[in-house]
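The figures here come from the full heavy-atom set of this structure, side chains too, leaving out hydrogens, waters and symmetry mates. Residue numbers start from 1 in every chain, and the chains themselves are labelled A, B, ... in the order their sequence lines are given, proteins ahead of strands.
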Amino acid sequence: MSEELVLEVKGIDKSFPGTKALSGVNFQLRKGEIHAVVGENGAGKSTLMNVIDGVYTPDAGQIFINGRPVEIKDPLAAQRLGIGFVHQEIALCPDVTVAENLYMASINASKAWLVNYRELYAKTARALESLHPIEAHKKVGELSISNQQVVEIAKALTLDCRILILDEPTAVLTESETEALFDIMKKLRDQGISIIYISHRMAEVFGQCDRVSVLRDGQYIGTYEVAQTTSTAVVNKMVGREIGDLYPKKAGPPAPDAEVLLQVRGFTNQGRFHDISFELFKGEILGFSGLVGAGRSELAKAICGLYPKKSGELIFKGRPLEVRSYEDAIGQGIVYLTEDRKTEGLFLEMPISNNIAAMDLRQVSTRGLIDGRRIQALANRLSAKLNIKYHSLLQLVSSLSGGNQQKVLIAKLLSINPAVIIMDEPTRGIDVGAKSEIHRLLRELAGQGIGVIMISSELPEVIGMCDRVLVMHEGRPCDIISGDQITEERIIQLASGMCV
Amino acid sequence: MDSVGTVQTEKYTNANNFFKAIRGFREGTLILIILAVCIIMSFVSPYFFTWPNLKAILLSFSTEGIVVVGMTLILVVGGFDLSVGSVMCLAMVIGGKLFLLGVNPWLASLIGIAVCSLIGLIMGVFVTKVGLNFFITTLAFMGIARGLCFVITQGTPLSLFALPKAFKFIGQGTIYSIPFTIFIFGIIVVASDYLMRKSSLARKVFYTGSNEKAAIFSGIKTHRVKIVTCILCSTLAGLAGIIYMSRFGASIPGFGIGLELNAISAVVIGGASLTGGVGTVLGSILGIALLQTITGSMVLLDVSPYWQDLIRGGILLGAVSLDHIRHTRKRS
């Protein structure tokens, strides 16, 4: 393999309000190699790729293409420098033919009034021949996801791409499609194209890639020859963190005679989650862990009637419970905290008090009419309990900080005195102080006998908070671990499918 | 997995694009429905298959059809235009008013159409550069253009009996007893259908409507594409207004109210999607043909005109629901 560097990134810093996403990151890409970039969720992989693609402008640092310093101000500029980025969400025109999608840029640049379809289809057939045969006149929306990816890759190649970034391309593919993609990747590598391959799957990294770079917490940890390292070593590099006493004391494993609050049996929805069973004991915090897309949120929503399930049953306090809609779940005191508080959770342009009271209006009504004083009383009680900081309860929720918004959302759920509370990423995007307050609150709720299920993509949080953890991989349950078994290494192993 | 030989791909030539569209589900079904309505009507009413009746139906949709062509473009780019009825009327009013003020009628008409193009430009700028949505922008200009019509005419129709014969020929003349308007309409439909399939400008309209981000990353200036589409749509509406002015020999400030909904219905029945990226001129024209055939039939059957809107609404709802159900089935 040649030592020629096609891309070099030096000392990249990038901050977003509240977080430092990248700090002093270095990265080198050789000509004609498949280079994996790995790291936990939030380690900075996507940010780094977006910097290389010109979506984000770095705060500091330099990028060199073929040894020449460049400034990449937008994705179009990146394209001109020979960088092609195949995103997880397909960025093609679904209503337009494969051929036109492939050559959109040249149709745009051409001076001709009319599009020469005969030539276009012939060119397309030639371009796709070496990758994977796809009918040139088919509409992209009619293709399978894997073929759409092939079209995206081919499109990048028609633009003279020398550096191809693939962001978790196999996450949506079946096994045989994955194999076909690997063949294409190898062909391209042999043509001298360099591929940056982002993946969570160690098996793929070690089966297909030449080198691997590890990021952790926005920092560059190192680059290793795949042949000279092991997956365990790489996982250790990805984790390598000490967890202190940031978290409240755990309840410990459930006693043998602990009361089962909620029992889930054989929950299945084709393609999202498959045959999932578990028990939730009174007073414990149960974690759902897994990679993004493992089906955690869908499972949680299905328990509450917010997402369809094909089969499976729910047993609540010893009795079968049929949940047809979220209303049924709320009626039994099973509530769900959304992972996206701004679009799914809060009424941003309404006051704090109305947000807190929104879940059960009968509670704050007298003779069918809403009573302002009862709303105030409820809001006062819960905002004090949650330590929400505000000037007035009539303040709009949109004016609060992320942490306080999250507390308002939790207060809303607590307003109906829930028996089971399912929290999807309860501390996403909030500051450290509010985070540990929410952690303490969760533990307190569990101590009061409420069943708490927590979904988090942040491993230290899962490890620090949960008494037991259900780890999922591509919709399937891997294992439920508890006590000393709950370690980052174990969870990553299970979540990346190394157990199966 | 899809697989196809190069040979088959090359056999796919330009000419069969058109025939493929006719055989395509939407257009084919529409033609069948229209034929069915015609056959039923010919049994019910002996007057249906007479030339005067067919001519009346053709004439009634040919002018509106010009507006429908513009509306197709704007739906494909992912928008819609509520102002077409008012803008069409504005061209008619400005043309008529200038003519009464002594301006040559051809020049007066050109100025009327140019004002419409300008309105299209302004709407395009509001949609792209200011960032308002199509609904609000075109709703506002629906009001503004209509208001201008009433201000200019002071609310009374302008009588234009003095229009020269050559000018009246546009809307009233016939060639071999076929109204001249139908020729104008035919040329616009054939040309625009061809251009929508082949010209690189029109293809950019499809790309922008289908996935604006993908279009931007292919270097397409999508703002410019949207503005040009708005201009074309308003200009075609203006042209229709001038044809009406010539046909009626008058400028009527309240003319064209409700046209926008009719035009959008026709385009949607013709297979376009309100989310953009899909639509053909041929389909839209068949859509308006269906609506007008049914309206014409109702007149022959002596159905009270009060029923017409209700039936049109029903057709729209039925056509779109069927299509939606078909699509969701296909995807799942």
Exercise for the section: Flag the one option from A:A91, A:A112, A:P94 with the top tally of heavy-atom pairs under 4.5 Å to chain B. Expected result: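 Going by pairs under 4.5 Å, I would pick A:P94.
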Practice task
Return the option, out of A:A109, A:C93, A:A78, A:A105, with the maximum number of heavy-atom pairs under 4.5 Å with chain B.
Solution key: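 Answer, by heavy-atom pair count under 4.5 Å with chain B: A:C93.
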Handout entry: Polar side chain donor-acceptor pair, B:T235 to B:S117, under 3.5 angstrom
Key =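 Judged by distance alone, the side chains do pair up.
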So what's closer than 4.5 Å to chain B heavy atoms on [X]: side chain, backbone, both or neither?
| X | result |
| --- | --- |
| A:I107 | both |
| A:K155 | side chain |
| A:A99 | neither |

Exercise for the section: Heavy-atom distances under 4.5 Å only: say whether B:I216 touches chain A with side chain, backbone, both or neither. Expected result: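 The answer is the backbone of B:I216.
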Handout entry: Residue B:K213 versus chain A: region with a heavy atom under 4.5 Å
Key =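 Contact with chain A: none, neither part.
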Indicate the ring-plane relationship of [X] and [Y], choosing parallel, tilted or perpendicular according to the 30° and 60° boundaries.
| X | Y | value |
| --- | --- | --- |
| B:F185 | B:F61 | perpendicular |
| A:Y121 | A:Y117 | tilted |
| B:F80 | B:F135 | perpendicular |

Exercise for the section: Answer yes when A:D183 and A:K187 have at least one side-chain N-carboxylate O distance shorter than 4.0 Å, and no when they do not. Expected result: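 Salt bridge flag = no for A:K187 with A:D183.
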Practice task
Could you grab the distance from atom OG of B:S210 to atom CD of A:E100, nearest 0.5 Å is fine?
Solution key: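 Taking OG in B:S210 and CD in A:E100, the distance rounds to 10.0 Å.
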